[in-house]
Number of protein chains: 2
Amino acid sequence: MRTAPSLGAGSKTQAGDDNPLILKLSRFLPLTESDRQMLDGLIAGEAAYPADTDIVSEGMVPRFVFALKEGMAIRYRLLPDGGRQIMTFLIAGDLGDTHVSLLEAMDHSIGTITPVRVAPIPRDAILALFAGTPRLAAALRWSALQEEAMLRERIVSLGRRDARGRVAYLLCELLCRHQAVGLSDGAMVRLPLTQTELADALGLTPVHVNRVLKGFRERKLITLDRKKLHILDSEGLRAVAAFNHDYLRLGGASEDTRHAIAALERRQREDRPAL
Amino acid sequence: MRTAPSLGAGSKTQAGDDNPLILKLSRFLPLTESDRQMLDGLIAGEAAYPADTDIVSEGMVPRFVFALKEGMAIRYRLLPDGGRQIMTFLIAGDLGDTHVSLLEAMDHSIGTITPVRVAPIPRDAILALFAGTPRLAAALRWSALQEEAMLRERIVSLGRRDARGRVAYLLCELLCRHQAVGLSDGAMVRLPLTQTELADALGLTPVHVNRVLKGFRERKLITLDRKKLHILDSEGLRAVAAFNHDYLRLGGASEDTRHAIAALERRQREDRPAL
DNA sequence: CGTAGGCTTGATTCTTGTCAACCGCGGTGG
DNA sequence: CCACCGCGGTTGACAAGAATCAAGCCTACG
């Protein structure tokens, strides 16, 4: 059921080769063995939700942070007229409630698309991580930054791309993100979304999404059958999308950033040798 | 020229009554005199940019954080086809480059609409603030949270509201935000935007924005002349927008949050009594 | 075997975009 | 001081893209 991680950095087996959070973060900067163990510990907890259920609902104040280990979820808002806008798709390795901090009421809900396994993470564990391990803290902040960039990217899509561009862009993004956590099989991804859900994310109607997908199939850009998406012509699809994957910041940290983090780590060791 | 702050908490004159950043943050939680002085110091620096200039451009790595003291700016992206998508309007009290942290290349630009005065803030000053003053750090993170909520709200607008709804929503938002930093005069705001700029933010064409505004005027919802926006029928406008200002989180911190911050402050004092 | 949810398709409507022209104002240079 | 210029706003006619309405189909599932 779970596809094998195929694109990890090198093929030595290390702790967390199957931990998508680790895979994602190590795209940003190399993690030490102890970092990995810490992350593994962080997501040791386990809770499961069936498909189509809210994990946290609008108006609630969330009691814990969680990491998604398996399955797919969405951030969404319901509108007074009954409409739904999906803001983000969460996949394995993503964190819910990024802003650990100032938990007022949620202004949106997080719900499952498929059955989902999550690791509830106590707030304190995250706070400790932020305070105690500058390298992981930086990696986590980088991940938050990436998520924010994705929000901006969605704004661009909704504001300035036509239906074809939006669909193409979303497919490209989902492929890239799955690849980044080792959940793709070449140019194939599991895509457990209904066309209605795609439509709710793209600001379109299901009917129109259907027509756009049909067009893509006719132009041999993709196949999409039984929840499996194959990107046949990745160049072509990116052209339709005007896709630029820089915003996913898969490039990793710059020299400067690495140095700054190393400096923080040194300072950390000197300040609190005991911890 | 600058309108008097009218909605502050109480009317005693305190440091920074004219500092929009302070006004904004103190909506979240009360700031001590020393907090205010620290913030005043933070934005003591001064730089000016003429209208229609980039403060930071896509692809650059920003050399400093900045706070906007006067004028209006935008976060935007240029598309290959020449289009522009405006993601955010920045007004007095807003911070550019919220993520002080991991400065890789910017994935969007920040440019001025009007002539602008900014306070460049050294990275270290921000980092020190985060490390040394938990209360201000929390307030700043709250502000970042608010900005992220605004991004999500824009996604909802672009995805699920029609042209009228989008325009109405944006006007409501801009009014609220100006009021929050004491830059409104009742239901009147300076709105130095061209219809083209509105269109670029709303995913519409200038022509259509014009027609929508005309409709609003005919229905006596607003007047908009010589860059001055009057909201005549705030209820009506909100109805058109399905506006809910909760996402601006003007409510302030909860009891819980205040207690958590107070606890952090105590710990701070014990840990590093010297700083 | 029957049913429901989701996919597919066609016909039609409506919102928004496109193209084009004109106006009015503010600024600039003669 | 006046004429010109250019940008931004305004308006109309028309085109296009997406929504809506409606029906039929497939397939997983009970």
Side-chain angles (χ1 to χ4, degrees), chain A residues 50-52 72 79 81-86 112-115 157-171 190-219 222-229 240-241, chain B residues 50-52 72 74 79 81-86 113-115 157-171 190-219 222-229 240-241:
Chain A
D52 267 309
M72 189 178 260
L79 281 88
D81 67 8
R84 172 174 70 167
Q85 177 63 42
I86 295 177
T112 61
I113 295 283
T114 66
S157 252
L158 292 172
R160 284 284 166 250
R161 277 186 255 266
D162 63 10
R164 271 184 299 271
R166 290 185 211 174
V167 175
Y169 205 99
L170 181 58
L171 297 183
R190 268 225 74 195
L191 199 84
L193 300 171
T194 66
Q195 294 180 351
T196 302
E197 281 151 353
L198 287 173
D200 282 345
L202 295 168
L204 300 169
T205 53
V207 177
H208 203 64
V209 167
N210 181 296
R211 289 196 244 262
V212 169
L213 288 174
K214 182 187 173 190
F216 286 177
R217 275 190 284 247
E218 282 167 358
R219 292 166 60 189
I222 64 163
T223 66
L224 176 53
D225 186 44
R226 316 177 169 275
K227 310 296 179 198
K228 299 217 169 193
L229 168 71
V240 174
Chain B
D52 266 311
M72 190 178 258
I74 51 174
L79 282 89
D81 67 8
R84 172 174 70 164
Q85 177 63 41
I86 295 177
I113 294 283
T114 66
S157 252
L158 293 173
R160 285 282 165 252
R161 276 187 254 266
D162 64 10
R164 271 183 300 269
R166 291 185 209 174
V167 175
Y169 205 97
L170 181 57
L171 297 183
R190 268 226 71 195
L191 199 82
L193 301 170
T194 65
Q195 294 180 351
T196 302
E197 282 151 353
L198 287 173
D200 283 345
L202 296 170
L204 300 169
T205 52
V207 177
H208 203 64
V209 168
N210 182 297
R211 289 197 245 260
V212 170
L213 288 175
K214 182 186 172 191
F216 285 177
R217 274 189 285 246
E218 283 167 358
R219 292 166 61 188
I222 64 163
T223 66
L224 176 51
D225 186 45
R226 317 180 166 274
K227 310 298 180 197
K228 299 216 169 192
L229 168 71
V240 174

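Labels below follow one simple rule: chain letters A, B, ... track the order of the sequence lines, proteins then strands, and each chain is numbered from 1.
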Here the distance between atom C1' of D:dG8 and atom CG of B:N210, to the nearest Å, is 10 Å
Residue pair B:L204/A:T196 against DNA chain C: nearer the 5' end by closest nucleotide is A:T196
Here the distance between atom P of D:dG8 and atom CG of B:L213, to the nearest Å, is 16 Å
Note: A:P192 and A:I113 closest approach over all heavy atoms is O-CG2, 3.4 Å
Check every strand shown and say whether A:R217 touches a base, only sugar-phosphate, or nothing at a heavy-atom separation below 4.0 Å.
sugar-phosphate
message: So does B:R166 get a backbone contact from the side chain of B:R161, meaning a donor-acceptor N/O pair under 3.5 Å?
response: no
Rounded to the nearest 0.5 angstrom, the CZ-NE2 distance for A:R164 and A:H208 is 7.5 Å
With sequence neighbours left out, the residues meeting side chain to side chain contact (heavy atoms under 4.5 Å, CB included) with B:K227 are B:R190, B:T194
- prompt: For A:I222 and A:L213, what are the C-alpha separation, side-chain angles and deciding distance, and is it a side chain to side chain contact (heavy atoms under 4.5 Å, CB included)?
  reply: CA-CA 8 Å; A:I222 64 163; A:L213 288 174; 3.9 Å; yes
Using nucleotides 20-24 of chain D, report all nitrogen or oxygen pairs with the protein that are shorter than 3.5 Å.
residue, atom, partner, partner atom, Å
D:dT20, O4, A:R211, NH2, 2.8

Without swapping roles, check the side chain of A:T112 against the backbone of A:D52 for a donor-acceptor pair under 3.5 Å. yes
Tightest non-hydrogen contact, residues A:A199 and A:P206, listed as CB-N, 3.5 Å
Between protein and nucleotides 27-30 of chain D, what N or O pairs are separated by less than 3.5 Å?
residue, atom, partner, partner atom, Å
D:dA28, OP1, A:R226, NH1, 2.5

With a 4.0 Å cut-off (strictly under) to non-hydrogen atoms of chain B, the first and last hit nts on DNA chain C, 5' to 3', are C:dT16 to C:dG26
request  = Check whether any side-chain heavy atom of A:L204 lies under 4.5 Å from a side-chain heavy atom of A:V167, and answer yes or no.
outcome  = yes
A:D162 atom CG is separated from D:dG17 atom C1', nearest whole Å, by 9 Å
Contacts of A:R211 meeting salt bridge (charged side-chain N to carboxylate O under 4.0 Å, His left out) (sequence neighbours excluded), chain-then-number -> none
Per-helix bend value, the helix from C:dC1-D:dG30 to C:dG30-D:dC1, C1' rotation axes over five pairs per end, 10° rounding, shows 30°
**Asked** What's the verdict on side chain to side chain contact (heavy atoms under 4.5 Å, CB included) for B:L224 and B:F216, showing C-alpha distance, side-chain angles and the deciding distance?
**Response** CA-CA 10 Å; B:L224 176 51; B:F216 285 177; over 6 Å; no
request  = Any chance you could lay out the side chain to side chain contact (heavy atoms under 4.5 Å, CB included) test for B:R160 and A:D200, step after step, and finish with the verdict?
outcome  = CA-CA 8 Å; B:R160 285 282 165 252; A:D200 282 345; 3.0 Å; yes
Heavy-atom nearest pair, B:G159 first then A:L158, reads N-CD1, 4.1 Å
Stepwise side chain to side chain contact (heavy atoms under 4.5 Å, CB included) check, B:M72 with B:E197: CA-CA 12 Å; B:M72 190 178 258; B:E197 282 151 353; over 6 Å; no
Taken to the nearest whole Å, CG/B:L191 to C1'/D:dG8 is 14 Å
